[in-house]
Amino acid sequence: MDDASMVGLMGRVTGTVGPGLVGEVIVRVRGGAEHFLAYPADGQGRLEPGTVVMVVEHLPPRTVYVEAAYGS
């Protein structure tokens with residue numbers, strides 16, 4: 001999957017995402033769901049497990065930068 005096709009996809013935090021942490025999110029891609037290492041897009045926010053997020057940047061193969069979706 002190329003970088004552009006990951007941007008904008010929605011996922012859910014499965015391991016806390018925040019400064020100084022390597023978080024984890026699950027994103028629906030390629031007809032299934034896959035886990036990615038995750039960092040906060042703003043470099044400062046903290047996203048707790050269960051938070052719905054949107055991918056704003058993808059660094060292949062398995063790293064994404066995310067922000068909270070829907071103001072959550």
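Not measured: the values here are computed from a predicted model. The figures that follow rest on heavy atoms only: side chains count, while hydrogens, waters and symmetry mates do not. One is the number of the first residue; the rest follow in order along the sequence.
Both V22 and L59 belong to a single network of hydrophobic side chains, linked directly or stepwise wherever heavy atoms of I, L, V, M, F, W or Y lie under 4.5 Å apart. Note on V25 and V29: same hydrophobic cluster, where clusters join Ile, Leu, Val, Met, Phe, Trp and Tyr whose side-chain heavy atoms are under 4.5 Å apart, directly or indirectly. Clustering ILVMFWY residues whenever any of their side-chain heavy atoms sit less than 4.5 angstrom apart, transitively, puts L9 in the very cluster that holds V53. Cluster annotation: M10 is connected to L37 through the hydrophobic network of ILVMFWY side chains, with a link wherever side-chain heavy atoms come within less than 4.5 Å.
With sequence neighbours left out, the side-chain contact (heavy atoms from CB on, under 4.5 Å) criterion links V56 to A41, M54, Y65, E67. Among residues two or more places apart in sequence or in another chain, the side-chain contact (heavy atoms from CB on, under 4.5 Å) test is passed with E48 by T16, R46, T51.
Between L21 atom CG and L47 atom CG the span is 10.5 Å, to the nearest 0.5 Å.
Among all heavy-atom pairs drawn from F36 and T63, the shortest one is CD2-N, 4.3 Å. Between P19 and G45, the shortest heavy-atom contact is CD-O, 3.4 Å. For R62 against H35, the heavy-atom pair with the smallest separation is NH2-O, 2.6 Å.
Of the possible donor and acceptor atoms, one in the side chain of R12 sits under 3.5 Å from a partner among the backbone N and O of G50. T14 places a side-chain N or O within 3.5 Å of a backbone atom of E24 that can act as its donor or acceptor partner.
Looking at Y39 and E57, their side chains never come closer than 4.5 Å, going by heavy atoms from C-beta outward.
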